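Heavy-atom basis, side chains included; hydrogens, waters and symmetry copies ignored. In this text, all values refer to a predicted model and were calculated from it rather than measured experimentally. First the proteins, then the strands, lettered A, B, ... as listed; each starts at 1.
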Number of protein chains: 2
Amino acid sequence: MSDVITLKKISQLLNISISTASRALKDHPDIADTTKQKVRELAEMLEYEPNPFAIQLSTSHSNIFGLIVPEVSNLFYTSFIDAVENEGRKAGYMLIILKTDDDPEIEANHIKYCKKQRVAGLFACITPNASNFDLFQSLGKSGIPVIFFDRVPDSSNCNTVCFADETAATIAAEAILKKNKKKVLAIFAEPSLSITQKRLKAFRKVFQQNTNAPKLDIYHTNHYENIKEIIKQQLENKDRPDTIFCMTDVILTGAMKAIHELKLRVPDEVAVITISNSDFFPKLYTPEITYVETSGYKLGVLALSTMITCVKEDVPYQELYVDSYLVEGQSL
Amino acid sequence: MSDVITLKKISQLLNISISTASRALKDHPDIADTTKQKVRELAEMLEYEPNPFAIQLSTSHSNIFGLIVPEVSNLFYTSFIDAVENEGRKAGYMLIILKTDDDPEIEANHIKYCKKQRVAGLFACITPNASNFDLFQSLGKSGIPVIFFDRVPDSSNCNTVCFADETAATIAAEAILKKNKKKVLAIFAEPSLSITQKRLKAFRKVFQQNTNAPKLDIYHTNHYENIKEIIKQQLENKDRPDTIFCMTDVILTGAMKAIHELKLRVPDEVAVITISNSDFFPKLYTPEITYVETSGYKLGVLALSTMITCVKEDVPYQELYVDSYLVEGQSL
DNA sequence: TTGAAAGCGCTAACAA
DNA sequence: TTGTTAGCGCTTTCAA
């Protein structure tokens, strides 16, 4: 391809050396202003674009971040990706998205892949059992910063950005208490996840600290069909719950499906509150669902800025948090 | 980083030349089996990983595909991405995902970016007005194949993979006719999109060919709030439609919101049918919605295999199609 | 203020 | 069957 513009071409055209051209383009203080001017003008005219591979080869520094997520067909992850994408591009980075389907083996391959590709940094939402923690650590040792988000290892030897999970669950629990409910059915995701543990603990705490708190039943599942069945079963009891708390959007959709199939009215016959990653699902229903928002986008922004710091300088491990807040619908 | 294994190190350890090592690793016929053996064993032991940047620099061939989409928070695109991701990795490719928010200017930047990054190929779902067609073409001239998908330019000078749009709309229209409905409210997306035009034309054709077809009202919009308002208005008329056809999932969610707010029963008081990119939204509702599936995943698989052919050899432009089919719920 | 030269890790033509 | 060499496009040290 002789139509590709390189530094060499520019320098030949200008009768200067390649290194001078290179330095002129990056505004090196050694270079005379007149030279800089000349080089810049020609480069612009010719639409010169530096070859990223050459840069990466000689600096051994890439401008690509890896991003490991369980799935991409999920509003939470996509809004996180959105954020990292947008902010990352501003900072000159690109994104490679790897999906695990929550399979530790696939995750292991992805980690190796990122290492091989010499990514500039890695964002990861880990599979539930954290079995690849050592592999992740090995990246850190190769100088590739790793930022864990949302589902993070249970260790302080790493960088994490999470929701203030206690807060989200606490807010939801307090909202329920205010309404003087009698019996709450709370569905949480898998108990092995640290996010579930934290939320559950905080949620329970609010109930325990309050002497006339509603009765509380807890179930764990994050699969649409399971959720639907559990909730249907519970709602058909004579002593049925008057309130359903959903820890995730998936749980909410399962719950609402069950409620619709039983033709129960919200909130009269059963009240609903959820923790949600976006306004999308809560607003889908009528009446709109009251929810505690935990925005994937905000989390992404925080993750990216943390990454940028880690890439630039050596910083000690950090645990960072994003706050959440209550959005009132008419379902509680 | 002295702990990075390179071909040089391997060859030194083995007292052979770099090129011999290189060739041994790629099973070059010239190399003695014993040598190959030695090199491979050592490489494996040391966990040698070739530096992709060096490869790309010397072969001027990257293993990265660009993928331009309007948004990533959308099940259709994510399932398309899913497919390209999965199949692409099998073929040794990675993906860089660029999002336009349907802004032609952002799209133009993305295209330039891909050119600069020397991607191996580009998948693109264009912004509604096709204003960057020339830019896309310029990639083609630089030897970077472009595969347009879903929303494609109205030109035969390019590779396209699409749904057989006529088919999807035809199937939906025929399903409606079978039910002897009286009045259909059909909501289509923006009329400027070729996909809308094709679907609308096919949909109308079925109605026109049938003498006792229901009355047909058509509106265009793809914005949640608009949809909701239009449908509410129509449903509150005395002479209200008994059937709603939705061209997209977004339209479906808007329609269902309106129906719920008016507390109408599906399908008795109003029947619903939609074209959907996944089973997710149709199954969210009770009763489940009858839909014509146009799977993003299948489209992605087709797009990727087309791309692989284009990368390998010079092939003439192709227009390819994926079929769709009816999934019966209880909403019609 | 500029240039020459080495080197990043790999490929591939040519020589031996 | 193997080694030598040049080169991909850029950065950067050292010398001029």
Could you check how far [atom1] of [X] sits from [atom2] of [N], rounded to whole Å?
| X | N | atom1 | atom2 | value |
| --- | --- | --- | --- | --- |
| F53(A) | dG7(C) | CZ | C1' | 20 Å |
| D27(A) | dT1(C) | CG | P | 12 Å |
| L25(A) | dG9(D) | CG | P | 16 Å |
| Q12(A) | dT2(C) | CD | C1' | 17 Å |
| H28(B) | dG3(D) | NE2 | C1' | 13 Å |

Report for the helix from dT1(C)-dA16(D) to dA16(C)-dT1(D): angle between first-end and last-end helix axes, five pairs each, rounded to 10 degrees. 50°
How would you list, by chain and number, every residue that makes a side chain to side chain donor-acceptor pair (under 3.5 Å) with S17(A), sequence neighbours excluded? S19(A), T20(A)
Measure from the ring center of F123(B) to the ring center of F149(B) and say whether it is less than 6.0 Å. no
Quick one: does S22(B)'s side chain have a donor or acceptor within less than 3.5 Å of a partner on I18(B)'s backbone? no
Backbone N/O of K38(B) and side chain of R40(B): donor-acceptor pair under 3.5 Å: no
Hey, could you give me each pair passing side chain to side chain donor-acceptor pair (under 3.5 Å) that has a residue in residues 299-320 of chain A? Not counting sequence neighbours. E319(A)-Y321(A)
With distance as the sole criterion, is a donor-acceptor pair present between the side chains of Y297(A) and N86(A) under 3.5 Å? yes
Do D102(B) and T127(B) get their side chains close enough for a donor-acceptor pair, meaning under 3.5 Å? no
Can you list every pair that meets ring pair (Phe, Tyr, Trp, His ring centres under 6.0 Å) and has a residue in residues 84-111 of chain B, with sequence neighbours left out? F65(B)-Y93(B)
Expected list for residues 30-44 of chain B near DNA chain D, using heavy atoms below 4.0 Å, is D30(B), I31(B), A32(B), T35(B)
For E105(B), I'd like to know if atom CD has over 12 heavy atoms of other residues, nucleotides or ligands within 6.0 Å. no
With a sphere of 6.0 Å drawn around CD of E190(A), does it hold more than 12 non-hydrogen atoms of other residues, nucleotides or ligands? yes
Could K36(B) and D30(B) be called an ion pair, given the rule that one side-chain N must be under 4.0 Å from one carboxylate O? no
L57(B) or P29(B): which one's nearest nucleotide on DNA chain D is closer to the 5' end? P29(B)
For every nucleotide of nucleotides 10-16 of chain C, 5' to 3': is a protein heavy atom under 4.0 Å from its base (B), only from its sugar-phosphate (S), or from neither (-)? BBBBB--
side-chain N/O T20(B) vs dT2(D) OP1/OP2, d < 4.0 Å: no
